[in-house]
There are 2 protein chains.
Amino acid sequence: METSHNGDELARILATLANPHRMRVIAALAHERNYVSALARELGISRPLLQLHLAKLEAAGLVTAAFELSADGKAMKYYDTVPFAVTLTPQSIALAARTLTTEEGDS
Amino acid sequence: METSHNGDELARILATLANPHRMRVIAALAHERNYVSALARELGISRPLLQLHLAKLEAAGLVTAAFELSADGKAMKYYDTVPFAVTLTPQSIALAARTLTTEEGDS
DNA sequence: TTCACCTGCAAGAAAAAACTAGCATGTGCC
DNA sequence: GGCACATGCTAGTTTTTTCTTGCAGGTGAA
């Protein structure tokens, strides 16, 4: 659950979510957790590209990763969504904007 | 008020909001409507840059513009925020992802 | 051993976004 | 007229993001 974010955190979450591939990743993982290679096949994108997007999603705290050994001993990296709820309104943006650290201390 | 968005629309809104300058613009306009030049001074950024961000905000439907004549006859372009409320959850993303048109018809 | 599957990483190309600099228009006022 | 303010637009640079290609490692099974 998300309550208050600082501005940079919120900006990162929004930037991360604002991508078709990553939206589909969230959608796929919300349906069922999966490991990288299988997910890449499901989404029809290359594995390196998927890994890039997964890394961003994980960095934003929107998905989690866990290693698991398959029945035949292969190391699989399973990803799953992290439950989140962010509400965007002009007011919530205004509040978050107060804590932006992007240089310039607005005097 | 926002209810359901198609995926592309949501992606655009998120991408638009995911920028420090634009977050500050929303914050400033939520506080009080303003015209371009004054807003640029308030935020401490160049006018052309602000116009770029305002154009994106307007394209995403997050702010509106209206021309107004000042007391001394100058044409001022006033901007104001549009009330919006977008809630982001894994489910809402999943729903929106269904209507993404970014090429590939996932067979 | 070879094949099929899993992971990770990094270098470089391609595309998109952000930003600057500059010049155009117009107004009213001194 | 010249100054100060408002708007607009565009060309070009810089920066960031996205994506591809290709290689590395590991496992179990035929």
Side-chain angles (χ1 to χ4, degrees), chain A residues 7-8 11-26 33-60 62-80 100-104, chain B residues 8 11-26 29 33-60 62-80 100-104:
Chain A
D8 302 304
R12 160 166 265 183
I13 289 175
L14 296 183
T16 303
L17 251 23
N19 177 286
H21 285 324
R22 291 194 286 265
M23 286 179 67
R24 290 201 193 89
V25 170
I26 292 281
R33 62 200 294 272
N34 209 348
Y35 63 96
V36 185
S37 292
L39 188 56
R41 285 189 293 265
E42 181 184 334
L43 297 177
I45 64 176
S46 72
R47 191 174 51 81
L49 179 57
L50 175 59
Q51 285 175 317
L52 173 82
H53 289 307
L54 284 172
K56 296 206 169 192
L57 285 165
E58 191 176 10
L62 300 173
V63 303
T64 45
F67 273 102
E68 251 167 68
L69 286 188
S70 65
D72 58 332
K74 302 261 183 63
M76 328 280 271
K77 193 171 192 178
Y78 273 84
Y79 276 92
D80 203 345
L100 286 171
T101 62
T102 326
E103 82 231 52
E104 90 211 288
Chain B
D8 301 305
R12 160 165 264 184
I13 289 175
L14 296 182
T16 303
L17 252 22
N19 177 286
H21 284 325
R22 291 193 288 263
M23 286 178 67
R24 290 201 194 89
V25 169
I26 292 281
L29 295 182
R33 63 199 293 273
N34 209 348
Y35 63 96
V36 185
S37 292
L39 189 55
R41 285 190 292 266
E42 181 183 334
L43 298 176
I45 65 178
S46 72
R47 191 175 51 81
L49 180 56
L50 175 60
Q51 284 174 318
L52 174 82
H53 289 306
L54 284 172
K56 295 206 171 195
L57 285 165
E58 191 176 10
L62 300 173
V63 303
T64 43
F67 273 103
E68 249 166 72
L69 286 189
S70 65
D72 57 333
K74 302 260 185 63
M76 329 279 271
K77 193 171 190 180
Y78 273 84
Y79 277 91
D80 202 346
L100 286 172
T101 62
T102 329
E103 85 231 50
E104 92 213 287

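So you know, we letter chains A, B, ... as the sequences are listed, proteins then strands, and number each from 1.
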- Query: Are side-chain heavy atoms of B:Asp80 and B:Val63 found at a separation under 4.5 Å?
  - Reply: no

- Task: Give the rounded distance in Å between these two atoms: CG of A:Leu52 and P of C:dG12.
- Result: 18 Å

- Query: In whole angstroms, how far is the C1' atom of D:dA6 from the CG atom of B:Leu39?
  - Reply: 14 Å

Dump the pairs, protein N or O against N or O of nucleotides 3-10 of chain C, anything under 3.5 Å, distances to one decimal.
from, atom 1, to, atom 2, distance (Å)
C:dC6, OP1, A:Tyr35, OH, 3.0
C:dC6, OP1, A:Arg41, NH1, 3.3
C:dC6, OP1, A:Arg41, NH2, 2.7
C:dC6, OP2, A:Arg41, NH1, 3.0
C:dT7, OP1, A:Val36, N, 3.2
C:dT7, OP2, A:Ser37, N, 3.1
C:dT7, OP2, A:Ser37, OG, 2.2
C:dT7, O4, A:Arg47, NH2, 3.0
C:dG8, OP1, A:Lys77, NZ, 2.8
C:dG8, OP2, A:Gln51, NE2, 3.2
C:dG8, N7, A:Arg47, NH1, 3.0
C:dG8, O6, A:Arg47, NH2, 2.9

- Residue whose closest nucleotide on DNA chain D lies nearer the 5' end, A:Ala18 versus A:Asp72: A:Ala18

- Whole-Å distance separating the CG atom of A:Leu49 from the P atom of D:dT20: 6 Å

- Answer whether the closest heavy-atom distance between the side chains of A:Val36 and A:Tyr79 falls below 4.5 Å. yes

- Item | Over 12 foreign heavy atoms within 6.0 Å of CZ, B:Arg33 | yes

- Gap between atoms CD1 and P, on B:Ile45 and C:dT20 respectively (whole Å): 9 Å

- Gap between atoms NZ and C1', on B:Lys56 and C:dC19 respectively (whole Å): 11 Å

- Message: Just so I know, are the side chains of A:Tyr35 and A:Lys77 near enough to count as touching, which here means a heavy-atom distance under 4.5 Å?
- Response: no

- Task: In whole angstrom, give the distance that lies between atom CG of A:Leu69 and atom P of D:dG26.
- Result: 16 Å

- Query: Would you say a side-chain N or O of B:Asn19 is under 4.0 Å from OP1 or OP2 of C:dA17?
  - Reply: no

- Query: If you look at every heavy atom in A:Thr16 and A:Arg22, which pair is closest and at what distance?
  - Reply: O-NE, 2.5 Å

- Query: D:dT18 P sits how many Å from A:His21 NE2, rounded?
  - Reply: 10 Å

- Query: Does a donor on one side chain and an acceptor on the other come within less than 3.5 Å for A:Thr101 and A:Asp8?
  - Reply: yes

- Give the rounded distance in Å between these two atoms: NE2 of A:His53 and C1' of D:dT17. 10 Å

